[in-house]
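Just below is one structure, and these are the notes that go with it.
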Amino acid sequence: MNPLDFSGVFSRADRLVDGVWLTAQISLAAMVFALAIGVLAAVLSLSGNRLLRLPVFAYVEVIRNTPFIVQVFLIYFGLPALGLRLDPVSAAILAMSIYGGAYTSEIIRAGIQSINRGQIEAGRALGMSPLTIFRHVVLKPALASVFPSLVAQFILLLLSSSVVSAISVAELTSVGNDIQGLTLRNMEVYLIIALIYVALVAALKGGMTVLERLLFPFKFLRR
Amino acid sequence: MFQQFSLNHVYFMLTGLGWTIGLAAIALIGGSIAGSVLTLMRVSANPVLSRIAQVYIFVVQGTPLLVTLFIAYFGSTYLGFTVAPLTAIAVAFSFYAAAFLGDIWRGAIQSVPVGQREGAHALGLSGADTMRHIIIPQAIRIATPPTVGFFVQLIKNTSLASVVGIVELTRTAQIVSNATFKPLEVYLTAALFYFLVCFPITLFSRRLEKRLSV
Amino acid sequence: MADIDDTVVEARKVCKFFGKFQALADVDLKVSKGETIVVCGPSGSGKSTLIRCINALEQHQSGDLVVCGIPLSGTRASIDAVRRRTGMVFQNFNLFPHMTVIENCMIAPMKVKGMSRDEARATAERFLKRVHIPEQADKYPIQLSGGQQQRVAIARALSMSPDVMLFDEPTSALDPEMVREVLDTMVELAQGGATMICVTHEMNFARQVADRVIFMDRGAIIEAGEPEAFFSAPRSERAREFLAQILH
Amino acid sequence: MADIDDTVVEARKVCKFFGKFQALADVDLKVSKGETIVVCGPSGSGKSTLIRCINALEQHQSGDLVVCGIPLSGTRASIDAVRRRTGMVFQNFNLFPHMTVIENCMIAPMKVKGMSRDEARATAERFLKRVHIPEQADKYPIQLSGGQQQRVAIARALSMSPDVMLFDEPTSALDPEMVREVLDTMVELAQGGATMICVTHEMNFARQVADRVIFMDRGAIIEAGEPEAFFSAPRSERAREFLAQILH
Amino acid sequence: TNTLDEIVQRGKIVVGISLSTPPYGMTDANLQPAGFDVAIANLIARDLGVELEILDQVSQARIPNLTSNKVDIVISSLGITAERAKAIMYTNAIYVDEQMIIAPTSAAIASLEDLVGKRVGVTRSTTNDTIITDKAIEGTNIQRFEDDAATNQALFSGQVDAIVSGVAAANAINKETDQFQRKFAVRQSPMGIGVRRGDFDLHQWLNTEIMLLWNSGEIQAAQQEWLGIVNEELPRF
Ligand SMILES: Nc1ncnc2c1ncn2[C@@H]1O[C@H](COP(=O)(O)OP(=O)(O)OP(=O)(O)O)[C@@H](O)[C@H]1O
Ligand SMILES: Nc1ncnc2c1ncn2[C@@H]1O[C@H](COP(=O)(O)OP(=O)(O)OP(=O)(O)O)[C@@H](O)[C@H]1O
Ligand SMILES: [Mg+2]
Ligand SMILES: [Mg+2]
């Protein structure tokens, strides 16, 4: 049995830092887009129109029931056949957004459904248009009520970014794999990588907690 | 030297699918048992137990499953013993699933209104009877949709088992893809297999959700 | 929109069905400017449905309903116009939990009437003063007592300067000690000349300010009259039974 | 557990704190067998806390509380014993939604008293008859009206044959017409000789059956007396104010 | 413990091979393990007089499998580098690969300089990777994929301008299409068998075996059959 030897990992700390940075960037970008897709899909899936609901249903089910890696491959290797050539980072962000959007939309749908009908009626009784009601009466409390689930989903999205190493995105896992290849110190690399991911998740959670307090102060009030 | 992507390969991938389903069963059973333990710790009145569970959930949820599995399988050598691949999988997946199920189930238990617990206590029901006859039956209805949703992700995550040398569906796809150099076709086939396994489950979960919400 | 006479609400043979169930049966009602009407009746008798039809939250199926001079025809335009000119107060307040008290009162004037933020704030402050809680303007609804929340809801409805105020059991979700403060606010409103239709079982309130009490059962108006006459000598058997029940 | 005299509940200088907040301040109370006590007072005055301490849902911090002859010492045994001998009815019914009406009434006799299923069913049926809804036995709570649900809750508590029944605002979540049926059931109980402590603001009920009315404010019992005397001439200023408020 | 004795005693050698790296490790039309690494493993088992058990492994598991005793040796197109040799022991080389640049036939690429500003695909952690990383001129955009199929797919779908590949893979591509061609060789790199550190008896036996197999021409035959070329000389150390 080899004793653990971290020197080969530590000497490449600069590359790990680059990897962490890229992981953070693509994950944050994907979270923003996934949220946007999620809101849109949730609204469509709650519409009375079958023609709008059905595509959303298909989207959500196909994405949730197939491996993420396949979605990544299709976007990176498949789209060029249709004339759309994305660089690896853009392809990764797109794939993660689509993947995250499917889960996010289900969460947001639940949030919108949890809004008391009375709230919507109050908006109507005040003469607000449906769009105004959605924007000012429904969306914010809906997001507020499902915020913890959204954060949990975002954490999974962050962790899923490790998959895009398959299309040559030099994020954290990919850098880790490179170092493994060079040093053959797999256990050492994984231990360090795991620590970094836990730290990233902690940072994300912390940031989201602050954000929650800023965006939804009314959740934390007591009489 | 390139092979044509043929029916033979599809059969090969079907054997991988068999492994995937077997692994999923192991993960679901192990995860449910470990998840129950963690849930009980998490909702227990003992602050130390609940705190340990909380830290556990945080760390394991934040660690990529591949790394957890890697440490379970290869890390044991550093402790001076070896484990069989299936043991490592059962352990790693149980630990991983426990962290998520513990969270989901705790939420479900806590979302049963306090009045229910008080109603039971006021009748003189013991803590265990209250849990068994009053809280859990109601929590199960709340917990079922997210639990089923997580199970689907768990099934897809069994693809990581290739790291301990098990030739499950994704690994067969890798092997075939590298033999035929047709990754798109091969992975699409694999995706279809996953879909056929998972879609009925999510559909079931949707039905359930609808039925429970009325 | 000829408002030549003083009629604010006029219903003629209004019927409303939920599927096969008839919730309103040939309802005739005329409410003039400045009147205060109290509607009572057993649960499920159609009280809420009636006032929800009046502000177009529900669409009636037959009969004529003219509110603030606008015939409710089911068109978007008539619905919008009626909703702007009616104010509604719900049993459960239905304040927007994510907005402060004053924001609750500003959002409709800004988004519906197109008021500027400053204008809306000034209006909102005026009405919060009217319901005696100007000092709560920057709190969130959850920080207020039930009675205070309901008064905010009244101020919010008033902030659109409606021609008629509709109340649907505004005090029945309140702790007994808070009922009083909301009723007092409503009495002031009525005495200040507002047109009001109130679904309520607060008989003392009815005695104090109602011009007419309307008793409904199974979707129909069974009896209508001055409060004293109605309470002391209800004409119908059903009204007698009902009054016996709620005045335990 | 010597029950030599007829005292069912005896509180001496009972204090209860939530953190630093004192919810009960030196409460003294003695309730004898067969008595009906009505507790009233403003929101937050500690009424619920008092009866929750009596059936050990909350643990008091100082003073002595003896219920059905058992000193509530905080031990598991004393808590269990007291909960078996007291029945509680909540404002929101707290029926178990996943059980039928009769199952709601059978679970405690079976699990706590070890009755057989048949025995428990017979008992439950008896009490459902007592509250006049034997025909609803196989429905689920959600299929019943609020008044019926509360009567099931009473039957469920009775099915343990408690020495004292505790009611925490049993009618305040009900539609006005349903209040009557629940109060009638409670009146029957009281007249049948049950020992009862009821938190309620139904003053007619208090007049009809209460042996004593207790008025609480800020955790303390301010006044106690016969209903007529209390309502017509409350001694304390606070009680006067309070009564003025709830009897709008 | 002496791994060599153990192998003989239990009558079985467990060899870690990746079955997803043709032509080294793969499955044949009957889905049986095949390829150059498999052929060498068969020869070794034959000469040890023991049964052969092949354990399929993904690239991250190659070394941990070895160091945690899950396998006896690793034959997995393991390129020899100084840093890697700190983690495991290498036997003498069994094959010397030539790293080629493959690009569209129409592309004007003749030297490392021509790759500046271009996207060059390579399979992560392979010798190909090590070499191009080492040799590429500043400004070359190296993109690493997880396996050869993905690397080749990147070339086919135009996501990279060129890839670095071993001779065998280059041959295979050329057999399939003439849209892509070898441009130039970057360097030669030897591949060995991986042995646990300290397993000197086994290491010595394998070196002996490799020398004998070379002398009998069996290594060359395996190279010819699976890789399509035969090395003139194998470096020894
Ligand atoms: N959206 C709806 N769909 C179907 N039936 C409805 C709907 N809204 C109301 N109803 C039915 O119409 C009848 C009248 O309801 P409404 O709410 O107007 O009664 P109410 O007099 O306000 O009673 P309550 O005192 O309980 O508020 C009831 O039987 C009710 O079940
Ligand atoms: N679990 C608790 N934690 C902290 N404070 C509490 C808790 N339960 C009650 N209190 C506080 O104790 C005080 C008394 O509460 P209690 O519920 O006994 O009042 P009440 O007289 O029943 O009022 P209401 O009429 O509103 O039911 C209140 O100020 C309340 O905020
Ligand atoms: Mg109503
Ligand atoms: Mg209370």
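Since the model is a prediction, treat every value here as computed from it, not as a measurement. By convention in this document, chain letters (A, B, ...) are assigned in the order of the sequence lines, proteins followed by strands, and residues within each chain are numbered from 1.
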Given a strict heavy-atom distance threshold of 4.5 Å, which part of [X] is in contact with chain E: side chain, backbone, both, or neither?
{"X": "Y187(B)", "value": "side chain"}
{"X": "L66(B)", "value": "side chain"}
{"X": "Y11(B)", "value": "neither"}

Residue selection (most heavy-atom pairs with chain B, distance under 4.5 Å) from A61(E), P64(E), A150(E):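 Most pairs with chain B among the choices: P64(E).
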When E146(E), K70(E), Q153(E) are compared by non-hydrogen pairs under 4.5 Å with chain B, the top option: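 The answer is K70(E).
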Non-neighbouring partners of F5(B) that pass ring-ring contact (aromatic ring centres under 6.0 Å, His included), sequence neighbours left out: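 Residues passing ring-ring contact (aromatic ring centres under 6.0 Å, His included) with F5(B): none at all.
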Residue part contacting chain B, namely of Q57(E), when any heavy atom lies under 4.5 Å: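 Just the backbone, heavy atoms under 4.5 Å.
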Atom group of S18(E) that falls short of 4.5 Å from chain B, counting heavy atoms: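 Contact with chain B involves both backbone and side-chain atoms of S18(E).
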Enclosure of Y90(E) OH (heavy-atom neighbours >12, cutoff 6.0 Å):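 Buried by this count: over 12 neighbours within 6.0 Å.
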Exercise: identify the closest heavy-atom pair between S68(E) and T77(B):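 Shortest heavy-atom contact: CB-OG1, 2.9 Å.
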Summary of salt bridge (charged side-chain N to carboxylate O under 4.0 Å, His left out) pairs that have at least one residue in residues 164-177 of chain B, sequence neighbours excluded: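 Pairs touching residues 164-177 of chain B that pass the test: R171(B)-D56(E).
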N8(B) side chain to L31(E) backbone, donor-acceptor under 3.5 Å: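 Not a single qualifying donor-acceptor pair exists.
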Contact leader toward chain E among V164(B), T82(B), I175(B), where contacts are heavy-atom pairs under 4.5 Å: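 Sorted descending by pairs with chain E, the first entry is I175(B).
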